[in-house]
There are 2 protein chains.
Amino acid sequence: MMNDTPVKKTLGRVVKSTEMPELSKPFSPMQLAKAITAKRTGMKLTLVDVSQALAISKPTLIKIEKGDVTVQLHNVLKVMEYLGLSFSLVSDDIAHSNEEVSDEQWY
Amino acid sequence: MMNDTPVKKTLGRVVKSTEMPELSKPFSPMQLAKAITAKRTGMKLTLVDVSQALAISKPTLIKIEKGDVTVQLHNVLKVMEYLGLSFSLVSDDIAHSNEEVSDEQWY
DNA sequence: ATCATTAGTCAACTATAGTTTACTTATACA
DNA sequence: TGTATAAGTAAACTATAGTTGACTAATGAT
C-alpha cells in the first residue's frame, strides 16, 4: 500500500512526505508523532531546519517524531506551535447528558 | 464573583472544587493545568491520592497543576488518562477551504 | 555509480526534572 | 479557636532528558 507522496522541495529536490494521520481518531503519542512528521515534511523542513529554528537538538526532535514520551512537554509544544499544530482538550464527562441541561430556558 | 463550588468529600468533608475551564477556547498550558485540577477536585481526589496511584511525586503533580511545562510529557499523559482527560490534535491547515473540497459528491 | 542531502544512531558529558523528607500555609469542620 | 486534612514550598540528592560531535544509513538527483 502506497502511503507516501513525493513532494517538490525548495531546492528542487524530491522528498518523501509522510501522510497526516487521522486527526479524528483517539489521541495517542504515535498519532502526535506522525502528525508532527507529516507537518514538517509537508512544509519541506528538515530535522535540522526545525532543530535550529527552535534550539532543540536533532536527537530530541527524533525522539518526539518517534512517539517517545520521555521528553519535556515544553519541547513538544514548541515544535507543535512552530509547525501549526495544537491540542484541544477532551474530557470524559460521562455524560451530564440530560439532568441539569442548563440554567437557561431553551425551548 | 463566586467561582468555586463546595462539594461533599468522601469522609464527609467539604472541599473547594475549582471550575472546569472552557474547553472550547484555544489550548494553553494553563488551560490544561486548570482542567486537570478541576477534574481531580471534582473526583474528590487529593494530590496525594493521585500522586500515589500514579507513582508521581507531589511536587511534580503540583508543577503540572500550575501549568509548568518543564515536565515530562509522559507524566502529564499519565495524569490525564487517570482523570479521564485527553487531547485531540488540531492542525492549522491554512484552509484547503475551497479547492479540492472532496472526492465525493455532496450536493 | 557517485554525490549531496537528510535521517537516524551512538557515546560521553551537562543540565535539569523528579524524588524524598520535612516544614509551612491554608482550608474546612467540630 | 483548636484540630485534622490538604495544598504548597524548600533543600539536598538522584535519575535521566538533552546536548554535542562524529559517524552510518538512506534517499533522491546527476
Side-chain angles (χ1 to χ4, degrees), chain A residues 2-19 29-30 32-34 36-80 82-83, chain B residues 2-19 29-30 32-34 36-80 82-83:
Chain A
M2 250 307 211
N3 213 7
D4 305 312
T5 345
V7 170
K8 255 309 194 91
K9 214 200 168 289
T10 313
L11 306 164
R13 217 209 159 91
V14 169
V15 222
K16 254 199 285 189
S17 186
T18 65
E19 207 174 59
M30 261 313 284
L32 172 59
K34 285 184 177 149
I36 288 174
T37 304
K39 268 287 195 168
R40 177 179 62 76
T41 57
M43 293 167 79
K44 289 140 199 155
L45 297 172
T46 68
L47 289 170
V48 177
D49 287 338
V50 178
S51 141
Q52 285 177 157
L54 304 179
I56 290 175
S57 73
K58 193 167 54 148
T60 298
L61 240 182
I62 291 176
K63 276 181 80 175
I64 292 175
E65 294 199 3
K66 290 196 97 177
D68 193 328
V69 291
T70 65
V71 292
Q72 296 283 319
L73 175 61
H74 184 237
N75 288 329
V76 175
L77 292 177
K78 278 210 295 187
V79 173
M80 288 178 68
Y82 187 69
L83 299 177
Chain B
M2 250 305 213
N3 214 8
D4 306 312
T5 345
V7 170
K8 255 306 193 95
K9 179 104 183 41
T10 314
L11 306 165
R13 214 200 163 109
V14 170
V15 221
K16 254 199 285 191
S17 185
T18 65
E19 207 174 60
M30 260 314 283
L32 172 60
K34 286 184 177 150
I36 288 174
T37 303
K39 268 286 195 168
R40 177 179 61 77
T41 57
M43 292 168 80
K44 289 143 198 154
L45 297 171
T46 68
L47 289 170
V48 177
D49 286 339
V50 178
S51 142
Q52 286 176 158
L54 304 179
I56 290 176
S57 72
K58 192 167 57 151
T60 299
L61 241 182
I62 291 176
K63 276 180 80 174
I64 292 175
E65 293 199 4
K66 289 194 97 175
D68 192 329
V69 291
T70 65
V71 291
Q72 294 284 321
L73 174 61
H74 184 238
N75 289 328
V76 176
L77 292 178
K78 278 210 295 185
V79 172
M80 288 178 67
Y82 187 69
L83 299 177

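Being a predicted model, the structure only gives us computed values, none of them experimental. Letters A, B, ... are given to chains in the order of the sequence lines, protein chains preceding strands, and every chain is numbered from 1.
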- Query: How about B/V79 and B/E65: do any of their side-chain heavy atoms sit closer than 4.5 Å?
  - Reply: no
- Is the closest side-chain heavy-atom distance between B/L83 and B/L45 below 4.5 Å? yes
- Message: Using 0.5 Å steps for rounding, measure from the CD1 atom of B/I64 to the CG atom of B/L47.
- Response: 10.5 Å
- Item | Euclidean distance, B/D68 CG relative to A/Q72 CD, rounded to 0.5 Å | 8.5 Å
- Note on the structure: Sorted by chain and residue number, the side-chain contact (heavy atoms from CB on, under 4.5 Å) partners of B/K66 (sequence neighbours excluded) come out as B/I62
- Earlier contact from the 5' end, DNA chain D, for B/L47 and A/L61: B/L47
- Note on the structure: Tightest non-hydrogen contact, residues A/K58 and A/S51, listed as N-OG, 4.0 Å
- Item | By side-chain hydrogen bond (donor to acceptor under 3.5 Å, both in side chains) - contacts of A/K63 (at least two apart) | A/T70
- Note on the structure: B/S57 meets the side-chain hydrogen bond (donor to acceptor under 3.5 Å, both in side chains) criterion, sequence neighbours left out, with B/T60
- Message: If the test is side chain to side chain contact (heavy atoms under 4.5 Å, CB included), which one of A/V76, A/V69, A/T37 qualifies with A/L32?
- Response: A/V76
In whole angstroms, how far is the [atom2] atom of [N] from the [atom1] atom of [X]?
X	N	atom1	atom2	result
A/Q52	D/dT20	CD	C1'	14 Å
A/D49	C/dT5	CG	C1'	11 Å
A/K78	D/dG18	NZ	P	11 Å
A/L54	D/dG18	CG	P	14 Å
B/M43	D/dA6	CE	C1'	18 Å

- Considering residues, nucleotides and ligands other than A/K34, do more than 12 of their heavy atoms fall under 6.0 Å from its NZ? no
- Item | Angle between terminal axes - the helix from C/dA1-D/dT30 to C/dC23-D/dG8, 5 pairs each end, rounded to 10° | 60°
- Message: Taking only side-chain N and O atoms of A/R40, does any of them lie within less than 4.0 angstrom of OP1 or OP2 on C/dT6?
- Response: no
Which pairs, protein N/O on one side and nucleotides 16-18 of chain C N/O on the other, fall under 3.5 Å?
{"residue": "C/dA17", "atom": "O5'", "partner": "B/T70", "partner atom": "O", "Å": "3.4"}
{"residue": "C/dG18", "atom": "OP1", "partner": "B/Q72", "partner atom": "N", "Å": "2.8"}
{"residue": "C/dG18", "atom": "OP1", "partner": "B/N75", "partner atom": "ND2", "Å": "3.0"}
{"residue": "C/dG18", "atom": "OP2", "partner": "B/T70", "partner atom": "O", "Å": "3.4"}

- Item | Candidate pair B/R40 and B/T18, rule side-chain contact (heavy atoms from CB on, under 4.5 Å), full reasoning | CA-CA 9 Å; B/R40 177 179 61 77; B/T18 65; over 6 Å; no
N/O-N/O pairs, protein side and nucleotides 9-12 of chain C side, under 3.5 Å:
{"residue": "C/dT9", "atom": "OP1", "partner": "A/K66", "partner atom": "NZ", "Å": "3.1"}

